[in-house]
There are 2 protein chains.
Amino acid sequence: MSAAIGRVDTGTAVSAVAKRLLDYLTSGTIEPGTRLPAERQLASSLGIGRSAVREALAALEILGIVDVRPGSGTYLRGSASELLPETLNWGLMLGAPRTKELIAVRSQLEIFAARLAAELMTDAQLHQLGNHIDAMRSNLGDRTRFIEADLKFHLLIAQAADNQVLFDLLQSIRSLLRVWVERGLAREEEAQLALDEHSRVYEALLTRDPNAVEAAMSAHMLTAGHRLERTLLQSTVEGVAG
Amino acid sequence: MSAAIGRVDTGTAVSAVAKRLLDYLTSGTIEPGTRLPAERQLASSLGIGRSAVREALAALEILGIVDVRPGSGTYLRGSASELLPETLNWGLMLGAPRTKELIAVRSQLEIFAARLAAELMTDAQLHQLGNHIDAMRSNLGDRTRFIEADLKFHLLIAQAADNQVLFDLLQSIRSLLRVWVERGLAREEEAQLALDEHSRVYEALLTRDPNAVEAAMSAHMLTAGHRLERTLLQSTVEGVAG
DNA sequence: ATAGATATTTTGGTCCACCAATTCTTTGTA
DNA sequence: TACAAAGAATTGGTGGACCAAAATATCTAT
């Protein structure tokens, strides 16, 4: 098998070694569970050092392609990478926050989630959603609990959307926007408005009509987005004055 | 800086070391372009050997998170756009369920980008978009060039949308779906269909009517999504038969 | 002949010395 | 004093020795 991979030039970047190995492992000719040749053998076949082989294999292990077992060998896993979908979320975390842009993207994703949920939500989930509305209503004067119920409301919708990538993305975005959401709901009148909006989304979900749900969530996102941006602007103004 | 990462236990899997570094690098407190501490220093701070650090950093480099320069140091890369470099077929590692989810999320984001672009696109950008359509038309028989023009078409729309978060997200998603896009355009008839769809999006953008643009991009995404899923399914079936 | 214990071999993991590449500091010259 | 060149220090890259873990082979007892 290692003869089939071919040699690479000494000094080749470890990424190129990884690519060579990956191309071979994803060529479809290797069965999951197969044991790869030993590091020393791979190094010899590829014409590079064992360190480079180890580094390439470490990357493939992190990506979930192979399973490295000390004393035993390296095995092809053949299962889906759990790490790769997370790259979308890393991208959100790199560099300076772009809050206004995040707010816009988040709106679209929340609307999409709601639309999917309109068709997929179970009765039990709908019932639970009602509980979150009740919790928000009961805690108009308690910001922490209100926000918690608010968050659970959105979480449940994203869950009901049955799209893990979407769910994870929304989670990451929410964590980035969390501080602004909390600041935007500082007063009880604002909480009341937010409750009204959530109630409308909930009522639309009860109809299970995707268009109605989309309209209600769009309205909520529009208002919530303005609330967030106002909070952001106030903060900027205070920053200038401060 | 390295003191802020904390120590890890000796014998910790290199994947855990990579995760630790990754969490730190995506914490938002590090500026892109920043030089990380030297490998020897990281090893000391983390309480592990330099080999383990090297292996973890090698993985992060392959993922596009860092840039390792011999003799100079290791640098945090600039942006989300640099994640998942083209050298590897990332999409092959994702698995069918996550890939399908990603296709759905991508559709929504592309539609959103197109809608924004309808209002924001400059005349120069519109003209350039027409050039990409021409390039696609001229290269129906040359898959590599066709796909390159296809990609540039979408890139330009995302750019015109003037939302960096959205742009970066779409970039990462494209990296993850690239291999399936390429395989899905294997035949000239498929390229012709794709060209027709892109032309309709372009014509709608010429009107600058967001609703028309949304409708055209939605239609394109629906067809393209089916094409992608069909390609994915064929690959899965072949894998089983192989 | 078979099962269990022990020894040996093979595998991945770690460490260190040394080399290649780059950066920083010092020295020499105009 | 400013600039260029040389030297030293720092950085990542490589290979080999040795250790830890697991697999395989050999030996012994029944």
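Naming convention: chains lettered A, B, ... in sequence-line order (proteins, then strands); numbering from 1 in each chain. We use all heavy atoms of the structure for the numbers below, so side chains are in, but hydrogens, waters and symmetry mates are not. Owing to the predicted nature of the structure, the values given are computational and were not obtained by experimental measurement.
- For Thr74(A), no side-chain nitrogen or oxygen approaches OP1 or OP2 of dT11(C) to under 4.0 Å.
- Phosphate proximity of dG12(C) to Arg69(A): absent, as no side-chain N or O sits under 4.0 Å from OP1 or OP2.
- Each of Arg50(B) and Arg40(A) has a nearest nucleotide on DNA chain C; the 5'-most of these lies closest to Arg40(A).
- One interatomic measurement links the two molecules: CG of Leu36(A) to P of dT11(C), which rounds to 12 Å at whole-angstrom precision.
- When each of Pro70(A) and Gly71(B) is assigned the nucleotide of DNA chain D with its nearest heavy atom, Gly71(B) is the one assigned upstream, toward the 5' end.
- For the pair Glu39(A) CD and dA21(D) P, the computed distance is 16 Å after rounding to whole Å.
- One can place OH of Tyr75(B) at 15 Å from P of dT10(D), the figure rounded to the nearest angstrom.
- Spacing between atom CG of Leu46(B) and atom P of dT14(C) amounts to 13 Å, rounded to whole angstrom units.
- When distances are taken from the side chain of Ala52(A) to each of dG12(C), dT14(D), dG12(D), the shortest belongs to dT14(D).
- Around CZ of Arg178(A), the count of heavy atoms belonging to other residues, nucleotides or ligands within 6.0 Å does not exceed 12.
- Atom pair Glu55(A):CD and dG13(D):P shows a separation of 7 Å (rounding to whole Å applied).
- Checking Thr231(B) against Gln234(B) by side-chain atom types alone, no donor-acceptor pair falls below 3.5 Å.
- Between the Gln125(A) side chain and the Thr122(A) main chain, a donor and an acceptor come within less than 3.5 Å of each other.
- Taking atom CZ of residue Arg54(B) and atom P of nucleotide dT11(D), one finds them 14 Å apart after rounding to whole Å.
- dG13(C) atom P lies 11 Å from atom CG of Asp67(A), rounded to whole Å.
- Here dT11(C) presents its C1' atom at 14 Å from CD of Glu61(A), a figure rounded to the nearest Å.
- Using a 4.0 Å heavy-atom criterion, one finds that Ser51(A) contacts the bases of the nucleic acid, with or without backbone contacts as well.
- The pair Glu190(B)-Arg227(B) fails the salt-bridge criterion, with no side-chain N (NZ, NE, NH1 or NH2) lying under 4.0 Å from an Asp/Glu carboxylate O.
- Between Thr74(A) atom OG1 and Ile65(A) atom CD1 the span is 13.5 Å, to the nearest 0.5 Å.
- Remark on DNA chain D: of its neighbouring residues Ser72(A) and Gly49(A), the 5'-side contact belongs to Gly49(A), judged by nearest-heavy-atom nucleotide.
- Here the nucleotide nearest the side chain of Ala38(A), chosen from dT22(C), dG12(C), dT14(D), is dG12(C).
- The side chain of Arg35(A) approaches dT11(C) more closely than any other nucleotide in the set dT11(C), dT14(D), dG12(C).
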